[in-house]
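In what follows, a single structure is set out as structure tokens and then discussed.
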Amino acid sequence: MREILEKLNQGIKEIRDLENLKRIKAEYLGKRGYITKLLKNISTLPAEEKKNYGEMINSLKKEAEKIFSQKNEGIRKEIENLSLEREKLDISLPGRRYAKGSLHPLNIVLREIEGIFEGLNFSIEEGPEIEYELYNFDMLNMPKEHPARDMHDTFYIDEDILLRTHTSPVQIRVLREKVPPLMFISPGKVYRRDADVSHSPMFHQVEGMIVDRKVSFSHLKGIMTVFLREFFGEETRLRFRPSYFPFTEPSAEVDIQCIICRGDGCRLCSYTGFLEILGCGVVHPNVFKAAGYDPKIWKGLAFGMGVERMAMLKYGINDIRLLFENDYRFLKIFA
Ligand code: DAH
């Protein structure tokens, strides 16, 4: 009997799966199994041996069943442990982060410009990119054949409709639609046939306008100074130069101290120490007249700046195309 159990134990020692265990169990305990057969043999024995033999085989059977059920349990545990091991989850591992997007440098700059002017109580107005020639030029004191039109390299859509070349036509729209006093900026896209390291056929401007009964150039100077110092830093030196725009009189261009040489003179500033940053002036009476305002009653101040130029000077970007190519290596600098 010992031998049988010994053999059985030996036979299942290497078994690692329930399938094979079942097969071997059948070999011993199945209908035609070895131990079952031993039990059947009982009928061939003389009566006096039957009891002993029966008890012996039955305990053998019990013993074998116990071995099988223990082995069964063992294999089950082993399989379970294996799958637990395989599915192990380390909850202390840091999660995988999603690549996060970020604002485009032009949007960063635009939001900053808007934020500064909103802080000064300006509102924000918008106008269409497809504009009447009338609003883009004529009503801004640039009638047909006006030489200033040449500088704008205009994309015409048809005879009197064009892609706006600047945000100044929004001045006309707001003057016609709203009631003064007015104080607004108007950011947006503008278009000109021009492309090189500092020009793009589509770029952005921010226009600004103040209309009231008593405003003067000194207000304009104060506002431009507050704005530019806030944007470029409190230490930034400014220069107001007389200039010409058809829609303002007098007109000025504002320069900031060169961001590279800080005023000493370098290639970027053509050795002047200053960089041109925006145009501004007192609204021309013809603009008021065109919009149906009495220029004796209403005074206006206006200014306009290029957003790409602001961004390039603020961040030291030397090629405008970087702002439009969406090269991830460039954009992620601003994340
Ligand atoms: N519209 C001008 C341009 O595109 C910029 C400008 C200059 C706007 C002076 C103004 C201004 O409102 O007063 O070059």
Side-chain angles (χ1 to χ4, degrees), residues 113 117 122-129 131-143 146-155 162-175 182-194 198-212 215-225 227-228 238-256 275-288 290-291 293 295 298-310 312 320:
I113 295 172
F117 281 109
F122 282 72
S123 61
I124 296 181
E125 304 286 348
E126 281 185 38
E129 290 164 32
E131 185 58 282
Y132 295 114
E133 181 188 42
L134 190 69
Y135 288 4
N136 193 84
F137 288 131
D138 299 70
M139 293 175 83
L140 288 166
N141 200 28
M142 271 190 273
H146 193 289
R149 285 200 185 194
D150 292 348
M151 285 168 29
H152 284 231
D153 303 308
T154 312
F155 289 108
L162 44 70
L163 293 181
R164 67 178 179 187
T165 59
H166 53 174
T167 43
S168 302
V170 183
Q171 290 187 22
I172 304 294
R173 290 180 172 271
V174 176
L175 282 174
L182 302 167
M183 195 146 108
F184 65 89
I185 58 165
S186 183
K189 292 183 167 67
V190 300
Y191 301 83
R192 292 184 198 182
R193 300 173 79 105
D194 209 353
S198 54
H199 296 88
S200 158
M202 184 282 291
F203 61 105
H204 298 78
Q205 286 187 337
V206 174
E207 192 77 13
M209 192 179 214
I210 300 168
V211 176
D212 209 333
V215 285
S216 67
F217 195 88
S218 59
H219 295 121
L220 184 61
K221 200 173 167 193
I223 288 166
M224 293 300 96
T225 303
F227 165 67
L228 289 170
L238 305 175
R239 187 169 77 172
F240 287 72
R241 262 183 307 108
S243 185
Y244 172 78
F245 298 103
F247 30 88
T248 45
E249 182 59 36
S251 305
E253 271 174 317
V254 187
D255 299 340
I256 58 163
L275 297 165
E276 184 189 320
I277 194 75
L278 58 79
C280 62
V282 177
V283 176
H284 197 290
N286 286 351
V287 174
F288 275 133
Y293 283 58
W298 297 107
K299 302 292 168 220
L301 308 170
F303 53 90
M305 71 193 85
V307 181
E308 282 74 7
R309 186 161 170 82
M310 297 287 281
M312 288 169 79
I320 196 170

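Each ligand, and each atom within it, is numbered from 1 in the order the structure gives.
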Atom indices of ligand 1, in the order listed, that fall short of 4.0 Å to a heavy atom of Gln171
12 (O)
Which of the atoms of ligand 1 are close to Arg192, meaning less than 4.0 Å from one of its heavy atoms?
3 (C), 4 (O), 14 (O)
Side-chain heavy-atom pair Val215, Ile210 within 4.5 angstrom cut-off:
yes
What about Phe245: any of its N or O atoms under 3.5 Å from an N or O on ligand 1?
no
Find all atoms of ligand 1 within a distance of less than 4.0 Å from any non-hydrogen atom belonging to Gly304, and give their numbers and elements.
6 (C), 8 (C), 10 (C), 12 (O)
Within the 4.0 Å heavy-atom shell around Gln205, which atoms of ligand 1 are there?
3 (C), 4 (O)
Side-chain donor-acceptor contact under 3.5 Å, Asn136 with Thr165:
yes
Looking only at distances, please establish whether an N/O atom of ligand 1 is found under 3.5 Å from an N/O atom of Ser168.
yes
Taking the basic N atoms (NZ, or NE/NH1/NH2) and the acidic carboxylate oxygens, is any pair closer than 4.0 Å for Asp255 and Arg239?
yes
For atom 11 (C) of ligand 1, which protein heavy atom lies nearest, and how many Å away is it?
Phe247 CE1, 3.5 Å
Hey, does Val174 have a side-chain heavy atom less than 4.5 Å from the side chain of Phe184?
yes
Numbered in order shown, the ligand 1 atoms found under 4.0 Å of a heavy atom of Ala302 are 12 (O), 13 (O)
Pick from Glu207, Glu125, Glu131: which one makes a salt bridge (charged side-chain N to carboxylate O under 4.0 Å, His left out) with Arg173?
Glu131
Check ligand 1 against Gly281 and write out every atom of the ligand that is under 4.0 Å from a heavy-atom position of the residue.
13 (O)
For the pair Tyr132 and Tyr135, name the ring-plane relationship: parallel under 30°, tilted 30 to 60°, perpendicular over 60°.
perpendicular
Check: Glu207 N/O within less than 3.5 Å of ligand 1 N/O:
yes
For a 4.5 angstrom cut-off between non-hydrogen side-chain atoms, does His146 reach Pro246?
yes
If we ignore hydrogens and angles and just use 3.5 Å, is the side chain of Arg164 paired with the main-chain N or O of Lys189 as donor and acceptor?
yes
Atoms in ligand 1 flagged as close to Thr248, the criterion being non-hydrogen separation under 4.0 Å
13 (O)
